[in-house]
*Asks:* 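Please see the structure below; I have some questions.
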Amino acid sequence: MAENMHTYAFFLGCIAPNRYPGCEASAIATSRKVGIELVPLKGGSCCPAPGAFGSIDLNVWYAMAARNVVLAEEMKTDIALICNGCYKSIYEVNKKLKENDELRDGVNEVLAEIDMEFKGSIDVWHLAELYYDPKICGVKKIADSVTRPLTGTKVAVHYGCHLMKPKKERHFGETDNPMWIEELVAALGAEPVQYRNKMQCCGAGGGVRGYDIVHSLDITNEKMINLQEVGADALTEVCPFCQLQYDRGQVEIKDKFGIDYGLPVLHFNEMLGLAQGMSPDELALDLHAVSCEPFLEKIL
Amino acid sequence: MATVKNYGDPQLEEKLKDQYFYNSDANPNFTKEVEKIGDTLAHMCFQCGTCTGSCPSAPRSSYRIRRFMRRAVMGLEMEALTDPDLWLCTTCYSCTDRCPRDLAPTDVIMAMRNLAFKLDIVPKNFLKTVQMIYTSGHGVPNNDANRAARTKLGLTADPPTTHMYPEFIEGIQKIMHHYDLKENADRILSEEGQ
Amino acid sequence: MADVAVIGAGVAGIQAALDIADHGIHVHLIEKSPSIGGHMAQLDKTFPTNDCSICILGPKMVSVARHPNVTIHTCTELESVRGEVGHFTIRIRRYPRYIDEKLCTSCGDCIAICPVEVYNSFDAGIGVRKAIYKPHLQSVPDIPVLDAGHCIECGLCYDVCGPDAILKVEEETQADIEVASIVVATGYGLFDPVKKAALGYHAIPDVITSLEFERMINAGGPTRGEVKRLSNGMRPESIVFVQCVGSRDITVDRPYCSGVCCMAAIKNAILIKEKYPDTGITICYIDIRAYGKGYEEYYERAKEMGIRFLRGIPGGVIMDDGGMTMQVEDTETADLETLRPDLVVLSVGMEPAPGTADLAERLGIPLEENGFIQPADQKLGPVLTIRPGIYVAGTATAPHDIPDCVTLGQAAAMQAYSDVVRRA
């Protein structure tokens, strides 16, 4: 087993380590069981937030994301990460700088000031796509790693935006009704459920959550209505920022709109952790604003 | 009619309500700048509205991505940059994936926001993120409750990022200084009394 | 006098064949499918006069079939071409029909007894046919065809056929024909809206294409002319047409305007209004292209009838419990609307017919950038190709409406005729 491990530099970002450490812990623990070793990317920073930084000055966004990529280049290791926002910054900047010499030269001019150089020698992956990729892991291996199937639960999937969109800058194909994360969910023994307008944004991105929280929550609320209609026991996603928006957002929706959904929201890594036998404590599920108990009761 | 804007500036509201475009408002360089920064040929837009039809922000505001595309084509710089709706795009890229002209309206918005920032037009939450990252390397930094939780999980109290290795923060600060980003953020926030 | 070959028996090919034959020249009309008629035979009415399409095409189909100077080769494709203008030898490949055309009396007993039902491509997939079938009521030749791919060899049709016209075994055949000139009128294909996944075609039953709608509202079609929702068989109270699906769209390599969809949608909207005046109809468009004689007036008439023209394309179609919603901006007012139609008709664009590239290669003529056949000169030689003696008519070169197809068929006929005369 150990000699067949695929090793990646684990880019953490902000929200996973600093708000939902269970996402980080479960990523490390669950990936190891399917032949993926995540090693720390020392000195990584905010990706930086594509909405906030990209909106202010794309050049700074390129340079700061490139710095994170170079840290992994120095380790001679591809990056794996667990957040769609980070994916937008790290994956997209890596790709753009590899393809665009003018852009790369500009970024390298700045990086030279801190004795770094972007070489374009590594690739960037979302852990979820590595889980799905049969060359690395694949759905079967995920299913085989399950010791406590999530049988009897209905789980809805939120794909988020920046993993698969814009499609011409990605490699996932059609973005209107993808099903690959549902395949992963089914591998855990849960029943994936479809809901209206699945690919709609959570409402948090682009700095809107900070700029106009009511507007942002109103988008989230529309998603919650659609999720409630199909009777999902939980929502899973692959982005801690979306998770924050759905999880803390439900508290804010209750506060501002007076609607209480109480829908547990778990990162796919957390859900995989549960299915592999990790306890709620080992996933710090108590840090979730919306109690995961109703979901846990069905599987524990 | 589209939802009324309540952004507090009567003159601007009047301007934004006007459906007409005026040549005197146009700056042809604006189109070119937006196309360069956004890396998309905005002038190819034929205003079909597929973008607005795909937009999650449109149903709950007066934000119309198609109008911003129009402003990009027509060079209506100030009309675009001063419109508070500019900041309601969640950057979900649904419009970009559906545009039949193969354009990236989302990146047009990003380019306009970049140009707005050059005129000191920027919501303060964006600048606070800048300050946060300048100080800690993180837009959402660690806190004591989270440190305790991390320890319980068997993780290090601080993640192995700039939090555990603060010596890396200097590099980040140098990058931000290179673009005067921190200086501008501080200045704009202090002028607004923040 | 030498013969002429016309490849493709839609309205352009039929017209070309008739005109050449009327000049005393023998024509081989070669058609891939079991009946001549092409797309026009599938349409319900024609704009801007609302003439019944098959009622004006049918007589032409019959004329060409009865013409002493025309030999119709159905189930037949062009295999190769040798020689030069005045002296071409074409090889044709005939696929088995499994019916002895001389013995068959067209009684239809075989069709009635056949137990197999499959989707009928003539009805654009919304109706069914048997495994032995006539594509439609006015098929020419009026002879069934046995679909070996779906036949279960039950033997019922062999037994029921009085003259024993059904062949258990029939092989593909080839033949060589000498012709002085060739008219290519192979028509168009339809854009497959599955490529625009947001519109929900195939995922949502009440999202249909414009051709499916033509079959549905046609009295000879699978619903006997009743407009229905495929989901529940109910009559739709509100219908939305979405224009430019697969036209003017760079992302699917269809940058050109298909030319006919605006008028076709207006026509269909008018037909619905005439049949069911209470139906709410919205046409979501980018630009209305009503450029021909009487077209603008037709558009105005549609507006007067209460058909709504909304300038804006919806982002997609979302399925709801028992219905659909579409988010669309009225781009003339910046108002955002949510449409809740019972039926969505996608006005799908025209694209090069399947196999056009292969055919062009066999003929030694080039394609233009979108995959249509390249005429020698778009303005001054629209029916000429770079190869003397080979002409092109109808939608094989670009989207055209019916009058233009007829005109082009006639123009190509004149050219093909001249080659015969020159040789003689």
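Each chain gets a letter, A, B and so on, in the order its sequence line appears, and its residues count up from 1.
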*Asks:* For residues R60(B) and V214(A), determine if any side-chain heavy atom of one lies less than 4.5 Å from a side-chain heavy atom of the other.
*Replies:*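 R60(B) does not reach V214(A) side chain to side chain.
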*Asks:* Does E99(A) have more than 12 heavy atoms from other residues, nucleotides or ligands lying within 6.0 Å of its CD?
*Replies:*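 More than 12 heavy atoms, drawn from other residues, nucleotides or ligands, come within 6.0 Å of this atom.
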*Asks:* Considering only heavy atoms, which portion of T96(B) lies under 4.5 Å from any heavy atom of chain A: side chain, backbone, both, or neither?
*Replies:*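 Looking at T96(B), just its side chain touches chain A.
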*Asks:* Got a donor-acceptor contact below 3.5 angstrom from the N18(A) side chain to the N146(B) backbone?
*Replies:*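 No; zero donor-acceptor contacts below 3.5 Å.
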*Asks:* Quick one: which of A52(A), P166(A), G210(A) has the most heavy-atom pairs under 4.5 Å with chain B, could you say?
*Replies:*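 Ranked by contacts with chain B, first place is P166(A).
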*Asks:* Under a 4.5 Å heavy-atom cutoff, which of G43(A), G22(A), P40(A) has the most pairs with chain B?
*Replies:*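 If we count pairs closer than 4.5 Å to chain B, G43(A) comes out on top.
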*Asks:* Of all heavy-atom pairs between T161(B) and G44(A), which one has the smallest distance, and what is that distance?
*Replies:*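 Closest approach of T161(B) to G44(A), heavy atoms only: CB-O, 3.0 Å.
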*Asks:* Is there side-chain contact between I175(B) and L111(A), with heavy atoms separated by less than 4.5 Å?
*Replies:*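 Heavy-atom side-chain distance check passes, below 4.5 Å.
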*Asks:* For I219(A), which atoms come within 4.5 Å of any heavy atom of chain B: side chain, backbone, both, or neither?
*Replies:*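 It is both, since atoms from each part get that close.
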*Asks:* May I ask you to test the E109(A)-H178(B) pair for a side-chain heavy-atom distance under 4.5 Å?
*Replies:*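 Side chain of E109(A) against side chain of H178(B), heavy atoms only: no contact under 4.5 Å found.
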*Asks:* Residues of residues 110-120 of chain B under 4.5 Å from chain A (heavy atom pairs)?
*Replies:*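 Listed by number, the contacting residues are M110(B), R113(B), N114(B), F117(B).
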*Asks:* For I133(B), which atoms come within 4.5 Å of any heavy atom of chain A: side chain, backbone, both, or neither?
*Replies:*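 Contact with chain A is through the side chain of I133(B) alone.
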*Asks:* I need the residue from C161(A), A284(A), G205(A) with the largest number of non-hydrogen atom pairs under 4.5 Å to chain B.
*Replies:*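 The answer is G205(A).
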*Asks:* Tell me, yes or no, whether the heavy-atom count around K152(B) atom NZ, taken from other residues, nucleotides or ligands under 6.0 Å, exceeds 12.
*Replies:*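 No.
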*Asks:* State, to 0.1 Å, how close R150(B) and P17(A) come at their nearest heavy-atom pair, and which atoms those are.
*Replies:*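 Minimum heavy-atom separation between R150(B) and P17(A): NH1-O, 3.0 Å.
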*Asks:* How many angstroms lie between CG in L283(A) and CG in L153(B), if you round to the nearest 0.5 Å?
*Replies:*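 So the CG of L283(A) and the CG of L153(B) are separated by 8.0 Å.
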*Asks:* Checking D102(B) against chain A: side chain, backbone, both or neither under 4.5 Å from a heavy atom?
*Replies:*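 For D102(B), heavy atoms of backbone and side chain both lie under 4.5 Å from chain A.
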*Asks:* Chain A: which of L127(B), T91(B), N184(B) shares the most heavy-atom pairs with it under 4.5 Å?
*Replies:*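 Option with the top pair count is T91(B).
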*Asks:* Begin from the C-alpha positions of D97(B) and M164(A) and carry the test side-chain contact (heavy atoms from CB on, under 4.5 Å) through to its verdict.
*Replies:* CA-CA 10 Å; D97(B) 272 5; M164(A) 297 177 59; over 6 Å; no
*Asks:* Show which side-chain atoms of residues 56-66 of chain A pair as donor or acceptor with protein atoms under 3.5 Å away, not counting sequence neighbours.
*Replies:*
unit_1: D57(A); atom_1: OD1; unit_2: N59(A); atom_2: N; d: 2.9
unit_1: W61(A); atom_1: NE1; unit_2: P48(A); atom_2: O; d: 3.2
unit_1: W61(A); atom_1: NE1; unit_2: S89(A); atom_2: OG; d: 2.9

*Asks:* Give the C-alpha distance, both sets of side-chain angles, the deciding distance and a yes or no for side-chain contact (heavy atoms from CB on, under 4.5 Å) between N143(B) and R19(A).
*Replies:* CA-CA 9 Å; N143(B) 57 41; R19(A) 290 295 177 273; 3.4 Å; yes
*Asks:* Which heavy atom in F168(B) sits nearest to a heavy atom in K42(A), and how many Å separate them?
*Replies:*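 Here F168(B) and K42(A) meet closest at CZ-O, 3.9 Å.
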*Asks:* Could you check if a side-chain atom of R67(A) sits within less than 4.5 angstrom of a side-chain atom of I172(B), using non-hydrogen atoms only?
*Replies:*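 Counting from C-beta outward, R67(A) and I172(B) do come under 4.5 Å.
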*Asks:* Can you name the residues that form a side chain to side chain donor-acceptor pair (under 3.5 Å) with T220(A), not counting sequence neighbours?
*Replies:*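 Partners of T220(A) under the side chain to side chain donor-acceptor pair (under 3.5 Å) test: Q245(A).
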*Asks:* Under 4.5 Å, heavy atom to heavy atom: which of residues 24-56 of chain B reach chain A? Give them by number, or say none.
*Replies:*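 Expected list: K36(B), I37(B), P56(B).
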*Asks:* Do you know which of A145(B), C89(B), C95(B), P166(B) has the most heavy-atom pairs with chain A at a distance under 4.5 angstrom?
*Replies:*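 That would be C89(B).
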*Asks:* Hey, does T175(A) have a side-chain heavy atom less than 4.5 Å from the side chain of Y93(B)?
*Replies:*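 Result no, sub-4.5 Å side-chain heavy-atom pair not found.
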*Asks:* Kindly give the heavy-atom pair with the smallest separation between F126(B) and Y211(A), and that separation in Å.
*Replies:*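 Answer, listing the atom of F126(B) first, then Y211(A): CE1-CB, 4.5 Å.
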*Asks:* With a 4.5 Å limit on heavy-atom distance, are the side chains of F10(A) and P160(B) in contact?
*Replies:*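 Sidechains of P160(B) and F10(A): no contact.
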*Asks:* Considering only heavy atoms and a distance below 4.5 Å, find which of G139(B), P141(B), A149(B) pairs most often with chain A.
*Replies:*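 That would be P141(B).
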*Asks:* Could you look at R147(B) and say if it's the side chain, the backbone, both or neither that has a heavy atom under 4.5 Å from chain A?
*Replies:*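 Neither part, no heavy atoms under 4.5 Å.
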*Asks:* Would you say that more than 12 heavy atoms from the other residues, nucleotides or ligands in this model lie under 6.0 Å from the CG of N23(B), or not?
*Replies:*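 Check fails, neighbour count at 12 or below.
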*Asks:* In terms of heavy-atom proximity below 4.5 Å to chain A, should V122(B) be classed as side chain, backbone, both, or neither?
*Replies:*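 Just the side chain, heavy atoms under 4.5 Å.
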*Asks:* Tell me, for D176(A) versus chain B, whether the close heavy atoms (under 4.5 Å) come from the side chain, the backbone, both or neither.
*Replies:*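 Side chain only.
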*Asks:* Counting heavy-atom pairs under 4.5 Å with chain B, which one of D218(A), I114(A), D281(A) comes out on top?
*Replies:*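 Highest number of heavy-atom pairs under 4.5 Å: D218(A).
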*Asks:* In the structure I gave you, are the side-chain heavy atoms of Y179(B) and V110(A) within less than 4.5 Å of one another anywhere?
*Replies:*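 Result yes, sub-4.5 Å side-chain heavy-atom pair found.
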*Asks:* Check K165(A) against C92(B) and note the closest heavy-atom contact, atom names and distance.
*Replies:*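 So the minimum-distance heavy-atom pair works out to CE-O, 3.2 Å.
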*Asks:* Under 4.5 Å, counting heavy-atom pairs only, tell me which of G203(A), A49(A), G54(A) racks up the most with chain B.
*Replies:*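 Looking at each option in turn, the highest pair count goes to G54(A).
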*Asks:* Considering only heavy atoms, which portion of Q200(A) lies under 4.5 Å from any heavy atom of chain B: side chain, backbone, both, or neither?
*Replies:*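 Side chain only.
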*Asks:* Below 4.5 Å, heavy atoms only, C-beta onward: do H215(A) and W87(B) meet side chain to side chain?
*Replies:*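 With C-beta onward as the side chain, the pair stays apart.
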*Asks:* Looking at E170(B), H163(B), E167(B), which one has more heavy-atom pairs under 4.5 Å with chain A than the rest?
*Replies:*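 Winner by heavy-atom pair count: H163(B).
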*Asks:* Picking from R209(A), E174(A), H162(A), M116(A), which has the most non-hydrogen pairs under 4.5 angstrom with chain B?
*Replies:*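 Looking at each option in turn, the highest pair count goes to H162(A).
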*Asks:* Name the region of S57(B), side chain, backbone, both or neither, that has any atom closer than 4.5 Å to a heavy atom of chain A.
*Replies:*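 S57(B) touches chain A through backbone and side-chain heavy atoms alike.
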